[in-house]
There are 2 protein chains.
Amino acid sequence: MVSDSVLLALQRATHHTLQALTAALADLDLTASEIDTLANLADGRSRNVRELSLDTGTRSTTLTGVLDRLERRGYVTRELDPGDRRSFRLTLTGPGRTAARKVRAAVTELEATALAGLSARQLAGYHAVVSALQEVS
Amino acid sequence: MVSDSVLLALQRATHHTLQALTAALADLDLTASEIDTLANLADGRSRNVRELSLDTGTRSTTLTGVLDRLERRGYVTRELDPGDRRSFRLTLTGPGRTAARKVRAAVTELEATALAGLSARQLAGYHAVVSALQEVS
DNA sequence: TATTGTTATACTCTATAACTATA
DNA sequence: TATAGTTATAGAGTATAACAATA
């Protein structure tokens with residue numbers, strides 16, 4: 001394994017955790033992108049597509065389809081932003097908040113399980129590295 | 001941004017770095033999975049599909065298509081493993097090694113740029129966390 | 001019986017470009 | 001002119017199940 005590379009380790013961890021997460025949330029029948037979107041919206045704050053795109057690292061063209069499905073499902077609403085009528089405020093509905101809470105719970109549990117033996121210092125190092133990586137593009 | 005979550009930060013960093021990497025390697029005309037596969041094979045060691053699947057976190061059904069394209073392109077060969085004739089040894093060809101070297105160079109450069117200001121201790125923390133995450137599934 | 005890898009299917013994600021509406 | 005978001009298209013990734021060959 002080429003685990004000395006920061007980026008290869010990142011890819012590997014992403015794929016493995018995504019599979020674990022979709023399996024843990026199988027009863028909600030969500031795709032990885034839908035899970036990611038709900039987890040980001042879970043704080044209850046409204047966002048527009050551009051902000052969600054930055055938060056998830058997903059392109060707006062991809063988010064259109066993801067949001068279509070979440071909206072059709074009654075989890076998310078798109079409302080015209082009166083302040084800038086080119087954009088929408090994305091907001092969770094009641095059922096959307098319920099689903100998002102389950103997603104966050106699964107995320108939290110997976111993190112707690114995986115990271116049980118690690119120190120705060122190691123976690124701080126992790127966050128410093130991923131923050132630096134995410135700013136390359 | 002919900003940057004306090006280890007998993008959300010992981011997703012975000014993955015998407016952003018993948019876009020930067022495919023852009024940096026645009027002249028090779030490779031997809032993200034092809035880049036990941038070449039980067040993993042770049043050490044010159046032969047692997048079978050199962051090992052590559054563990055290294056990348058990608059399913060074997062997905063790898064079949066990725067390897068088909070890399071093979072058609074003359075970058076990778078599949079040879080029956082005499083020791084276990086259910087599986088193949090995947091090996092880079094000459095042109096494959098050249099492409100893989102470019103991929104690794106781009107990976108290395110991106111890492112060097114992004115992580116310039118970080119300490120060895122922070123990097124060690126990062127590796128501890130991603131290793132722990134990758135073992136959840 | 002279990003494992004390796006491929007095939008098949010249907011759906012989702014991605015890249016790119018073009019487009020509308022608004023700023 | 002620039003930005004927000006959608007649409008369109010084609011190709012790539014994903015999950016699932018079924019399958020042949022080998023162990």
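A note on names: the letters A, B, ... follow the listed sequences, proteins ahead of strands, and every chain is numbered from 1.
- Straight-line distance from the CG atom of Asp81(A) to the C1' atom of dT6(D): 17 Å, rounded to whole Å.
- When the side-chain nitrogen and oxygen atoms of His15(A) are compared with OP1 and OP2 of dG13(D), none of them lie within a distance under 4.0 Å.
- Applying the 4.0 Å criterion to OP1 and OP2 of dT6(C), one finds that Arg78(B) has a side-chain N or O inside that range.
- A distance-only check finds no donor-acceptor pair linking the side chain of Arg12(A) to the backbone of Thr56(B) [under 3.5 Å].
- Residue contacts for Thr31(B): at a heavy-atom cut-off of 4.0 Å it reaches the sugar-phosphate backbone alone, with no base atom in range.
- Remark: side-chain polar atoms of Thr14(B) are paired, donor with acceptor, to backbone N or O of Leu10(B) under 3.5 angstrom.
- Comparing dT3(D), dT6(D), dT7(C) against the side chain of Val49(A) picks out dT6(D) as the nearest.
- In the set dT6(D), dC13(C), dT22(C), dT22(C) carries the atom at the smallest distance from any side-chain atom of Arg86(A).
- Here dA15(C) is the nucleotide among dT6(C), dA15(C), dT6(D) with the atom lying nearest to any side-chain atom of Gln19(B).
- DNA chain D is contacted by both Thr64(A) and Thr22(A); Thr64(A) maps to the nucleotide lying nearer its 5′ end (nearest heavy atom per residue).
- Ser87(A) comes within contact range of the sugar-phosphate backbone alone, with a heavy-atom separation under 4.0 Å but no base atom that close.
- Between Asn48(B) and Thr61(A), the residue anchored closer to the 5' end of DNA chain C is Asn48(B), taking for each the nucleotide with the nearest heavy atom.
- Atom CG of Leu80(B) and atom C1' of dA23(D) are 14 Å apart (whole Å).
- Remark on DNA chain C: of its neighbouring residues Thr58(A) and Asp84(A), the 5'-side contact belongs to Thr58(A), judged by nearest-heavy-atom nucleotide.
- With rounding to whole Å, Leu63(A) atom CG is found 10 Å from dG5(D) atom C1'.
- The CZ-P distance, from Arg59(A) to dT7(D), rounds to 19 Å in whole Å.
- Atom CG of Leu90(B) and atom P of dT6(C) are 8 Å apart (whole Å).
- If you measure from atom CG of Leu67(B) to atom P of dT6(C), you get 7 Å, rounded to the nearest angstrom.
- For dC13(C), the OP1/OP2 oxygens have no side-chain nitrogen or oxygen of Thr62(A) closer than 4.0 Å.
- Judged by distance alone with a 3.5 Å cut-off, no donor-acceptor contact links the side chain of Arg50(B) to the base of dT4(C).
- For Leu30(B) and dA15(C), the CG to P distance is 13 Å, given to the nearest whole Å.
- If you run side-chain contact (heavy atoms from CB on, under 4.5 Å) between Leu30(A) and each of Thr22(A), Val103(A), Val66(A), only Val103(A) comes through.
- Look at Arg69(B) and you'll find a side-chain N or O under 4.0 angstrom from OP1 or OP2 of dG13(D).
- Below the 3.5 angstrom threshold, one finds no donor paired with an acceptor across the side chain of Arg85(A) and the base of dT22(C).
- When Asn48(A), Asp81(A), Leu80(A) are each tested for a side-chain contact (heavy atoms from CB on, under 4.5 Å) with Phe88(A), only one passes: Leu80(A).
- In this structure, Leu52(A) places its CG atom 15 Å from C1' of dT6(D), rounding to the nearest Å.
- The main-chain N or O of Ala128(A) is never found under 3.5 Å from a side-chain atom of Gln122(B) such that the two would form a donor-acceptor pair.
- A distance-only check finds a donor-acceptor pair linking the side chain of Arg104(A) to the backbone of Ala39(A) [under 3.5 Å].
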